[in-house]
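Read through the structure below, which is laid out as structure tokens, and then see the notes.
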Protein chains: 2
Amino acid sequence: MSTARHASAPFTVDLVVLTALTSELAVLLEKGKGNSGRWTLPWRLPVRSESLNAVSGRLAVSAVGSKAAWIEQLGAFGDGRAHPSLVQLSVAFVAAVPHEMAGPERGFHWFPVRDLPPLAPRHRSMVEAAIERLRMAVDRAPIAFRLLPPRFTLTELQQMYELLLGKRLHKASFRRSLQAASLVTATDEWRSEGRGRPAQLYTFAPKRKNRPARGVRFDLLGGTGV
Amino acid sequence: MSTARHASAPFTVDLVVLTALTSELAVLLEKGKGNSGRWTLPWRLPVRSESLNAVSGRLAVSAVGSKAAWIEQLGAFGDGRAHPSLVQLSVAFVAAVPHEMAGPERGFHWFPVRDLPPLAPRHRSMVEAAIERLRMAVDRAPIAFRLLPPRFTLTELQQMYELLLGKRLHKASFRRSLQAASLVTATDEWRSEGRGRPAQLYTFAPKRKNRPARGVRFDLLGGTGV
DNA sequence: TCAATAGTGTCTGTTAGACATTATGGA
DNA sequence: TCCATAATGTCTAACAGACACTATTGA
């Protein structure tokens, strides 16, 4: 029951920053500003008349030290689930950043999504929604490419997709689709990684292609099939 | 700049109700409560501590007179786009209802989405987002079926899908996928519609089927292809 | 030489769209 | 009878996954 009488808006903007941490997804958490030293998602009470996108963008910069590779609004969260701010409503954003590029700022820490510390209920539902949204977005936005360095091997790219999607992919199929989509071009560089045959390096260089726009998918009932 | 000192929450809940109106999508608008008699999306200032889902659900009932066939949160809208309430933030929902079932309540009217009256900028972006969201949701939720009467012909079902998706579908492919998805069962009734051969009536009776869970779709660059 | 990884060719099953054909009523 | 619509069979192209094979390095 906070009496909002200062110039801040009566809702928080919260951010779920995801990254690829050695073969698993990780979330960026902040050492709680409140009394209990619990970890929280980065959030802030925006000042009035600030745009949501501006606030979330600056929140990302303040957390990871650079602009996010991808950021999207998740939605409004409230409905009785507790939040560290005690404010009724939160607008959540989901972002992805490359892990190597910029270490987290002071007071922040990466946690694997499979092993999170206790979070406020509202924050826990945001993390779940964020992962789901990321997996939906991976095939519509070049997120995987932006999480990799400018030059990468196709195996690295595939592993990034597998990590983001949370499932294994078939090597030959992956490369065929990639070829058909005209998304990468080979460089003349190769990289030797320990034992086996060196891998060719590629760059992200999408060329517009008119996809045939398939019909309906009757994907009701959430049948995942294995 | 309204001083929010009464017991209402400092944001609005807005609703985009969509329906299938004789071969085109239509939105439900309300004669503006404000000074200018402009049309607006149905919205309200919820009282504090009300859940978002509860508010949006009741808003739908008050607009169409019955529970929505499908409803989902669209997200938070603000960012400087004007809203009839003058409130900074709005949480929008999108809903779909069958057109025949329940006429709109007094003061409401259906408008084809291709021919909308002037709307507040924030409401216009909600309508656009709602249509896009509906099209994404049509193959994950049985929206088309809930907009049809319990017994329908396959041609009616296909036309509903075409209307919701905004594109033509291939008849034989549509029926094959439908069959494969085990979503409908035939009744022993037939309906003669004017000239040609009568059509068999079907009911929505989904049977769980384990779909094979396909790989990646490189669907970047929004290539629609025709 | 062996182990390990990169990269590719072939085969098969599934599916979407094109097209044509049959079926069955009303005008 | 003719016409309009329903319903279905066949063909083809695209594509995903399985499998196996070759290529190229380090140990």
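Only this structure's heavy atoms are used, side chains among them; waters, hydrogens and symmetry mates stay out. Per chain, numbering begins at 1; letters A, B, ... match sequence-line order.
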Apply side chain to side chain contact (heavy atoms under 4.5 Å, CB included) to Phe152(A) and Tyr202(A), showing your working.
CA-CA 5 Å; Phe152(A) 49 84; Tyr202(A) 286 76; 3.9 Å; yes

Can you check the [X] [atom1] to [N] [atom2] distance for me, whole Å?
X         : N       : atom1 : atom2 : answer
Phe152(A) : dG7(C)  : CZ    : P     : 12 Å
Trp190(A) : dA6(C)  : CH2   : P     : 12 Å
Leu154(A) : dT5(C)  : CG    : P     : 16 Å
Arg175(B) : dA18(C) : CZ    : P     : 16 Å
Leu178(A) : dA14(D) : CG    : P     : 19 Å
Leu157(B) : dA7(D)  : CG    : C1'   : 15 Å
Gln200(B) : dG25(C) : CD    : C1'   : 15 Å

Pick the closest DNA chain D nucleotide for Arg195(B) and for Gly215(B) by heavy atoms, then say which residue is nearer the 5' end.
Arg195(B)

Which one, [options], comes nearest to the side chain of [X]?
X         : options                   : answer
Arg176(A) : dT25(D), dT10(C), dA7(D)  : dT10(C)
Ala172(B) : dG7(C), dG9(D), dG26(C)   : dG9(D)
Arg197(A) : dG9(D), dA18(D), dA23(D)  : dA23(D)
Ala199(B) : dG25(C), dG7(C), dA6(D)   : dA6(D)
His170(A) : dT24(C), dA16(C), dG17(D) : dG17(D)
Lys171(A) : dA6(C), dG26(D), dT24(D)  : dA6(C)

Comparing Leu201(A) and Gly196(B) on DNA chain C - which has the more 5′ nearest nucleotide:
Leu201(A)

On a heavy-atom basis, the closest approach of Ile143(A) and Ala96(A) is CG2-CB, 4.0 Å

For the pair Arg133(A) and Glu72(A), find out whether any cationic side-chain nitrogen is under 4.0 Å from an anionic carboxylate oxygen.
yes

Salt bridge between Glu189(B) and Arg151(B), side-chain N to carboxylate O under 4.0 Å?
yes

Steps toward side chain to side chain contact (heavy atoms under 4.5 Å, CB included) verdict (Arg217(A), Ser177(B))
CA-CA 8 Å; Arg217(A) 293 176 68 92; Ser177(B) 317; over 6 Å; no

Is it the case that the base of dG17(D) and the side chain of Ser173(A) share a donor-acceptor contact (distance under 3.5 Å, atom types as modelled)?
yes

Looking at Arg214(A), does any N or O in its side chain come under 4.0 Å of the phosphate oxygens OP1/OP2 on dT15(C)?
no

Select base, sugar-phosphate, or nothing to describe what [X] touches, counting heavy atoms under 4.0 Å on all strands.
X         : value
Ser177(B) : sugar-phosphate
Thr155(A) : sugar-phosphate
Glu193(B) : nothing

